[in-house]
Q: 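Attaching a single structure in structure tokens format; questions to follow.
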Protein chains: 2
Amino acid sequence: MSIRRERKDALEHRQLILRTAHDLFSEHGVQPVSMHQIAKTAGIGQATLYRRYAHKGDLCLDMLYDYSHQLMNQINLFLEEHRNEPPAFRLGGIVDHWVDAIEEKADLIIAMESKMSCEDDRGNFFHSPMYRFFRDRMSEILSEMLVSDSQQPIDTDFAAHSIICSMSPIGYFHMKQEKGYTVEQIKLHFRRLFTFYAHPRMAQ
Amino acid sequence: MSIRRERKDALEHRQLILRTAHDLFSEHGVQPVSMHQIAKTAGIGQATLYRRYAHKGDLCLDMLYDYSHQLMNQINLFLEEHRNEPPAFRLGGIVDHWVDAIEEKADLIIAMESKMSCEDDRGNFFHSPMYRFFRDRMSEILSEMLVSDSQQPIDTDFAAHSIICSMSPIGYFHMKQEKGYTVEQIKLHFRRLFTFYAHPRMAQ
DNA sequence: GATTTAAACGGACAATTGTCCGGTAAAGTT
DNA sequence: AACTTTACCGGACAATTGTCCGTTTAAATC
């Protein structure tokens with residue numbers, strides 16, 4: 001009774017699927033390409049595709065895997081380089097990176113998010129390493145900010161989660177299109193809003 | 001050349017659809033009921049249904065119409081009654097009402113939101129009266145809070161929009177299930193987080 | 001009330017998503 | 001190397017979503 005490792009052909013198929021999907025998405029965009037089309041183009045059965053990926057959102061999540069690691073590395077580097085800057089500055093840096101990522105991978109991110117029902121674990125963004133990374137890094141920074149004398153302690157994980165939600169691609173693009181803000185303006189507004197925690201002025 | 005008003009049978013069908021959908025949703029839940037099933041049960045054609053509602057999310061949005069007006073009235077009443085309380089208190093009240101609404105109408109709201117692509121106007125939550133109502137009320141309250149001496153003015157519409165996004169049902173239920181918070185704990189955390197704008201303590 | 005107009009109808013059709021199950025072949029066992 | 005096990009394969013099938021188009025009929029005009 002030993003653990004069977006993944007079959008060689010299964011691994012090849014996974015790579016084939018990712019390559020095929022990438023090519024099709026590049027050529028036609030994300031939304032117009034169907035799962036059937038991906039399977040057919042890759043020359044594999046429908047079920048083989050669905051066995052790997054529960055739905056297109058799940059596939060997109062995996063396609064973002066490399067990019068997300070790249071992004072996490074960039075951010076870690078940024079945080080390392082600016083470790084002596086005030087927390088608000090570092091939080092702002094994360095915001096900037098995140099917004100840039102949305103701009104660059106909008107199609108994939110939206111396709112991913114729009115398929116997420118609440119129940120199913122598989123392909124749920126909130127269970128991805130990227131979500132945890134963002135939440136944990138932000139949570140740490142928020143802790144630094146709030147270490148002081150607040151009589152009402154803020155739950156920093158909760159706050160980080162809220163910040164991530166408020167920077168959802170859907171909401172982001174609504175802001176951009178509806179109000180006509182530029183990318184830089186939105187970044188600025190986010191930075192001001194979130195770093196209000198760090199440099200608050202007494203109101204009223 | 002005059003404007004033709006809506007045909008009588010069209011109106012009847014609209015009401016029939018809403019009633020049928022309500023009954024089916026009550027019996028089986030929202031997600032398992034298909035558009036085909038709704039049309040068939042109502043005794044109308046597929047196209048007749050789709051002509052009214054672009055997709056199930058659009059239908060859900062309309063089903064929330066009455067409830068949303070009720071909710072808006074409740075909140076207006078609340079704001080009226082507590083107009084002399086500090087803005088943070090009033091913002092907190094809105095949060096409470098919103099969370100209660102999510103709890104009560106979760107299925108419909110999630111079905112609605114999960115169908116929203118960015119482009120199509122029809123059935124987009126961000127174009128609904130409810131969104132505008134929440135954004136505008138919150139924006140007003142935030143203005144009161146921030147009227148003071150901030151050298152970096154916060155865009156209150158932007159802030160209100162962000163708050164709405166951070167209270168999205170998907171994010172809310174993730175918090176609730178994953179971290180095991182009770183409804184009241186989440187309300188409290190939201191209140192603290194958002195009203196941090198109003199009673200901030202200097203950090204660092 | 002007959003005629004015209006076009007909004008509305010609905011069933012059939014096309015496309016996409018998601019599942020089943022008999023068969024295949026790779027990994028472990030002797 | 002032959003055998004056993006079982007993860008994996010893939011095409012066919014079922015369900016759901018979304019659209020087309022010839023026909024009907026309510027409403028405006030005469």
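Each chain gets a letter, A, B and so on, in the order the sequences are listed, and its residues count up from 1.
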Q: Could you tell me whether B:A47 contacts a base, only the sugar-phosphate backbone, or nothing, with contacts defined as non-hydrogen atoms closer than 4.0 Å?
A: base
Q: Please tell me which of B:H36 and B:D9 maps to the more 5' nucleotide of DNA chain D, matching each residue to the nucleotide holding its nearest heavy atom.
A: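 With B:H36 and B:D9 compared, the 5'-side residue is B:H36.
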Q: Is it true that the side chains of B:H69 and B:Y65 contain a donor and an acceptor less than 3.5 Å apart?
A: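 The criterion, which ignores hydrogens and geometry beyond distance, is satisfied for B:Y65 and B:H69.
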Q: What is the distance, rounded to the nearest whole Å, between atom CZ of A:R52 and atom P of D:dA7?
A: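 Between P of D:dA7 and CZ of A:R52: 13 Å.
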Q: Rounded to whole Å, please give me the gap between OH in B:Y50 and P in C:dA7.
A: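 From B:Y50 OH to C:dA7 P: 23 Å.
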Q: Side chain of A:K187, backbone of A:G92: donor and acceptor closer than 3.5 Å?
A: no
Q: Once you round it to whole Å, what is the distance between P of D:dT16 and CG of B:L49?
A: 14 Å
Q: Please determine, for the side chain of B:A10, which listed nucleotide (D:dG18, C:dA27, C:dC9) has the closest atom?
A: C:dC9
Q: Expressed in angstrom and rounded to an integer, what is the separation of B:D58 atom CG from D:dG18 atom P?
A: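 Answer to the nearest Å: 11 Å.
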Q: Between A:P32 and B:H13, which residue's closest nucleotide on DNA chain C lies nearer the 5′ terminus?
A: B:H13
Q: Contact class for B:T48 vs. all strands (heavy atom < 4.0 Å): base, sugar-phosphate, or nothing?
A: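 Base contact - B:T48 has a heavy atom under 4.0 Å of at least one base atom.
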Q: How about B:K179: does its NZ atom have over 12 heavy atoms from other parts shown lying under 6.0 Å from it?
A: yes
Q: Taking N and O atoms by type only, does the side chain of A:R51 place a donor or acceptor under 3.5 Å from a partner on the base of C:dG18?
A: no
Q: How many whole angstroms separate atom NE2 of A:H55 from atom C1' of D:dT16?
A: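 Atom NE2 in A:H55 sits about 16 Å away from atom C1' in D:dT16.
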Q: Quick one: do the B:T156 and B:S139 side chains pair a donor with an acceptor below 3.5 Å?
A: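 The answer is yes; a qualifying pair exists.
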Q: Could you tell me the separation between the NZ atom of A:K56 and the C1' atom of C:dA15, rounded to a whole number of Å?
A: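 In whole Å, C:dA15 C1' lies 12 Å from A:K56 NZ.
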Q: Both B:S34 and A:I44 contact DNA chain D. Taking the nearest nucleotide for each, which residue is further toward the 5' end?
A: A:I44
Q: If you look at every heavy atom in A:L79 and A:R90, which pair is closest and at what distance?
A: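 Nearest pair, atom of A:L79 first, then A:R90: CD2-CB, 3.8 Å.
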Q: Specify the separation, in whole Å, of atom CD of A:Q37 and atom C1' of C:dT17.
A: 14 Å
Q: Whole angstroms only, please: what is the CZ-P distance between B:R7 and C:dA8?
A: 7 Å
